[in-house]
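First comes the structure, then the notes that go with it.
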Amino acid sequence: MAPDPVSQFASWFADAVEAGLPEPNAMVLATSSAGGLPTARTVLLKGYDQQGFVFYTNYESRKGRDLAENPRACLLFPWHPLRRQVRVEGKVTKLPREDSAAYFHSRPYGSRIGAWASRQSAVVRSRDELDARFRELAERWPEDPPLPDFWGGLRVVPSEVEFWQGQIDRMHDRLRYRHTKAGWTLERLAP
Ligand SMILES: Cc1cc2nc3c(=O)[nH]c(=O)nc-3n(C[C@H](O)[C@H](O)[C@H](O)COP(=O)(O)O)c2cc1C
Ligand SMILES: Cc1ncc(COP(=O)(O)O)c(CN)c1O
């Protein structure tokens, strides 16, 4: 195992890509409201480094509202064909606006209009209403839609990261990194 969880993640992520897993960067993001109600959904990992794990979303979505009132999250990478799972826990911070802008402008035009057209997680009357909103916004910005102020990146800053590897007889390997004042400590957990 690597001395820190991000290096270890890099190695397992490379394995997941190499193995040809569909959407190896898909991860389940769990959040909870201030009242303690948990929800989970899939998002795409768009970057990671020693600072943490980054994804992009609508800040006013359900997950966005959860994270505004309770900025803690758990991420789960379900790499079943490799008999592997990685769980990340930590605090969540917003990406600086210039970083969100750089990513937003790298997205295809339609996805950028889509971000504007969708009040993510709100109730919509119909598919037609959604499509009409898309067309209206595409007319407004025939090219280069700006970054919406309600959209951008979030970073999960890890405090614990667990690497799970399936083994025979359900005697799996579970190795957990925990961030302490002294740096990262690595412990083995019972399967
Ligand atoms: C494979 C996959 C990847 C997804 N990636 C994202 C993503 O990166 N960002 C995002 O906002 N929604 C993404 N979604 C949609 C979310 O799962 C979810 O439906 C949406 O963000 C609204 O979630 P919420 O109402 O809990 O906030 C993805 C869905 C799937 C199935
Ligand atoms: C609504 C939404 N927002 C953001 C993303 C992130 O991916 P991309 O920036 O590649 O569209 C996805 C990917 N499925 C998505 O569905």
Side-chain angles (χ1 to χ4, degrees), residues 1-32 38-58 61-64 66-67 71-96 99-100 102-108 110-111 114-115 120 151-191:
M1 300 290 283
D4 71 88
V6 175
S7 305
Q8 184 60 40
F9 180 85
S11 162
W12 275 28
F13 185 64
D15 292 343
V17 171
E18 175 76 11
L21 299 197
E23 315 252 29
N25 62 330
M27 56 188 185
V28 176
L29 164 73
T31 60
S32 120
T39 51
R41 76 290 288 155
T42 308
V43 294
L44 295 181
L45 178 72
K46 293 292 179 171
Y48 67 92
D49 59 20
Q50 293 295 336
Q51 291 188 82
F53 297 81
V54 172
F55 63 93
Y56 294 86
T57 195
N58 184 311
S61 62
R62 180 157 185 191
K63 75 181 92 53
D66 274 5
L67 291 169
R72 293 164 187 280
C74 180
L75 300 171
L76 193 281
F77 292 85
W79 292 326
H80 302 162
L82 298 177
R83 305 191 69 212
R84 284 179 176 176
Q85 158 177 280
V86 176
R87 179 169 67 193
V88 178
E89 293 166 62
K91 290 196 174 164
V92 179
T93 59
K94 269 191 184 179
L95 236 59
D99 294 5
S100 292
Y103 178 71
F104 185 76
H105 291 291
S106 79
R107 301 178 83 214
S111 303
Q120 196 178 50
W151 198 96
L154 290 166
R155 173 181 280 126
V156 180
V157 181
S159 50
E160 290 195 14
V161 186
E162 182 195 318
F163 293 83
W164 184 98
Q165 173 75 67
Q167 299 291 2
I168 54 164
D169 299 329
R170 301 290 194 245
M171 292 289 280
H172 314 305
D173 289 318
R174 297 180 62 192
L175 290 152
R176 181 187 65 186
Y177 293 85
R178 217 157 32 84
H179 195 59
T180 69
K181 283 188 206 85
W184 289 104
T185 62
L186 183 58
E187 294 159 316
R188 179 179 285 272
L189 304 179

When you measure from the side chain of Asp49 to the backbone N and O of Gln51, does any donor-acceptor pair fall under 3.5 Å? yes
By the side chain to side chain donor-acceptor pair (under 3.5 Å) test, which pairs, at least two apart or in different chains, include something from residues 71-80? none
Check: [Y] and [X] side chains under 4.5 Å, non-hydrogen atoms:
{"X": "Arg41", "Y": "Leu29", "result": "yes"}
{"X": "Leu67", "Y": "Leu154", "result": "yes"}
{"X": "Leu44", "Y": "Glu23", "result": "yes"}

Check: Phe13 ring centre within less than 6.0 Å of Phe77 ring centre: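 No.
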Looking at every heavy atom in both [X] and [Y], which two are closest together, and how far apart are they?
{"X": "Pro38", "Y": "Ser32", "value": "CA-CB, 4.0 Å"}
{"X": "Ala40", "Y": "Val28", "value": "CB-CG1, 3.8 Å"}
{"X": "Pro78", "Y": "Leu76", "value": "CD-O, 3.4 Å"}

Residues two or more places apart in sequence or in another chain: which of them pass ring-ring contact (aromatic ring centres under 6.0 Å, His included) with His172? Trp164
If the condition is ring-ring contact (aromatic ring centres under 6.0 Å, His included), which residues does Tyr56 pass it with, not counting sequence neighbours?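 Partners of Tyr56 by the ring-ring contact (aromatic ring centres under 6.0 Å, His included) criterion, ordered by chain and then number, come out as Tyr103, Trp151.
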What is the distance from atom [atom1] of [X] to atom [atom2] of [Y], rounded to the nearest 0.5 Å?
{"X": "Leu75", "Y": "Tyr48", "atom1": "CG", "atom2": "OH", "value": "13.5 Å"}
{"X": "Ser100", "Y": "His105", "atom1": "OG", "atom2": "NE2", "value": "10.0 Å"}
{"X": "Met1", "Y": "Ser11", "atom1": "CE", "atom2": "OG", "value": "9.0 Å"}
{"X": "Phe55", "Y": "Asn25", "atom1": "CZ", "atom2": "CG", "value": "13.0 Å"}

All N/O donor-acceptor pairs, side-chain side in residues 184-191, below 3.5 Å, sequence neighbours left out:
| unit_1 | atom_1 | unit_2 | atom_2 | d |
| --- | --- | --- | --- | --- |
| Thr185 | OG1 | Arg178 | O | 3.4 |
| Glu187 | OE1 | Arg176 | NH2 | 2.8 |
| Glu187 | OE1 | Arg178 | NE | 2.9 |
| Glu187 | OE1 | Arg178 | NH2 | 3.4 |
| Glu187 | OE2 | Arg178 | NH2 | 2.9 |
| Arg188 | NH1 | Asp173 | OD1 | 2.6 |

Report the C-alpha distance between Lys63 and Thr57 in whole Å, list the side-chain angles of each, state the deciding distance to 0.1 Å, and finish with yes or no for side-chain hydrogen bond (donor to acceptor under 3.5 Å, both in side chains). CA-CA 9 Å; Lys63 75 181 92 53; Thr57 195; 2.8 Å; yes
Residue list, side-chain contact (heavy atoms from CB on, under 4.5 Å) with Ala2, at least two apart or on another chain: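 Result, side-chain contact (heavy atoms from CB on, under 4.5 Å) vs Ala2: Ser7, Gln8, Tyr177.
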Crowded around Glu18 CD? As in, over 12 foreign heavy atoms under 6.0 Å? no
Start with the C-alpha gap between Thr31 and Thr39, add the side-chain angles, then the distance that decides, and say whether side chain to side chain contact (heavy atoms under 4.5 Å, CB included) holds. CA-CA 6 Å; Thr31 60; Thr39 51; 3.4 Å; yes
Report all side-chain donor-acceptor pairs from residues 82-96 shorter than 3.5 Å, counting only partners two or more places apart or in another chain.
| unit_1 | atom_1 | unit_2 | atom_2 | d |
| --- | --- | --- | --- | --- |
| Arg84 | NE | Gln165 | OE1 | 2.8 |
| Arg84 | NH1 | Asp15 | OD2 | 2.8 |
| Arg87 | NH2 | Glu162 | OE1 | 3.1 |

